[in-house]
Structure formats: structure tokens, C-alpha cells
Asker: 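What follows is a single structure, and I will ask about it in a moment.
Every heavy atom of this structure was used, including side-chain atoms; hydrogens, water molecules and symmetry mates were not.
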Amino acid sequence: MKIERGYGEYTERLLQSKKTQAEVAYSQTKKVTTTKDNVDLSETTKKIQQTQTNEKAESARADKVAALKQAIQEGTYQVSAEEIATSMVQAMKTAKDI
């Protein structure tokens, strides 16, 4: 019996096979890590977030109202007749469009 192939040829095939398997495993791992997660919040969570946003806006408004009250009490609040007139005209235009 004559052996025509050398040991090196078998070793080379084995290494090539392992290299191919490693490349496939790497590409599958890469595909898995590039996917994005989606998060869906419940309606309750959305309402809580909206409430928190509203509370922040109300807090800012309360601060502004307190500052205006203090300015009025101290007599330093000044009303601009031009701003009032502009606002009145704008309000009438808006009411007319409705």
C-alpha cells in the first residue's frame, strides 16, 4: 500500500476548516451584537413621565408668578401699553380666524 498524500496536506485542510469555522462564528457574533433593542413603555409610565414634565412646567410658572407678585407689591412692575395693544390685536385676529 502506497500513501500518496503527506501529513502536511491533512494538517492544512484541518487548519483551513478551523479557520472557516472561526470566521463563521465571528460573523454570527457580529450580527448578534449589531442588533438594536426596542423598549416599549406602558401607558402608565408614559402618564408618569407626562405628569413629571407638567410639574416642572408648573413649578417654573409658579416661580414666574411669585416674581411678578413681588414686583407688583414693591411697585417696580411696569406695564408696556404697546405690548398690551399688540396682544389684544393678535387675540382679535386669532378669534376672527376661528
Asker: Looking at E74, I'd like to know if its CD atom is crowded, meaning that more than 12 non-hydrogen atoms belonging to other residues, nucleotides or ligands lie closer than 6.0 Å.
Answerer: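 For E74, atom CD is crowded (more than 12 foreign heavy atoms under 6.0 Å).
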
Asker: Supply the atom-to-atom distance T76 OG1 to L68 CG, rounded to the nearest 0.5 angstrom.
Answerer: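 These two atoms lie 9.5 Å from each other.
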
Asker: Checking S59 side chain against E55 main chain: does a donor-acceptor pair fall under 3.5 Å?
Answerer: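 Checked: no pair found.
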
Asker: Rounded to the nearest 0.5 Å, what separates atom CD in Q90 from atom NZ in K93?
Answerer: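 Answer rounded to 0.5 Å: 6.0 Å.
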
Asker: Are a donor atom and an acceptor atom from the side chains of N54 and E58 found within less than 3.5 Å of each other?
Answerer: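 No, because no side-chain N or O of N54 sits under 3.5 Å from a partner of the opposite role on E58.
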
Asker: Any chain of hydrophobic side-chain contacts (each under 4.5 Å) joining I84 to Y77?
Answerer: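 I84 clusters together with Y77.
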
Asker: Mind checking the CD-OG1 spacing from E82 to T86? Nearest 0.5 Å is all I need.
Answerer: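 If we round to the nearest 0.5 Å, E82:CD and T86:OG1 are 5.5 Å apart.
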
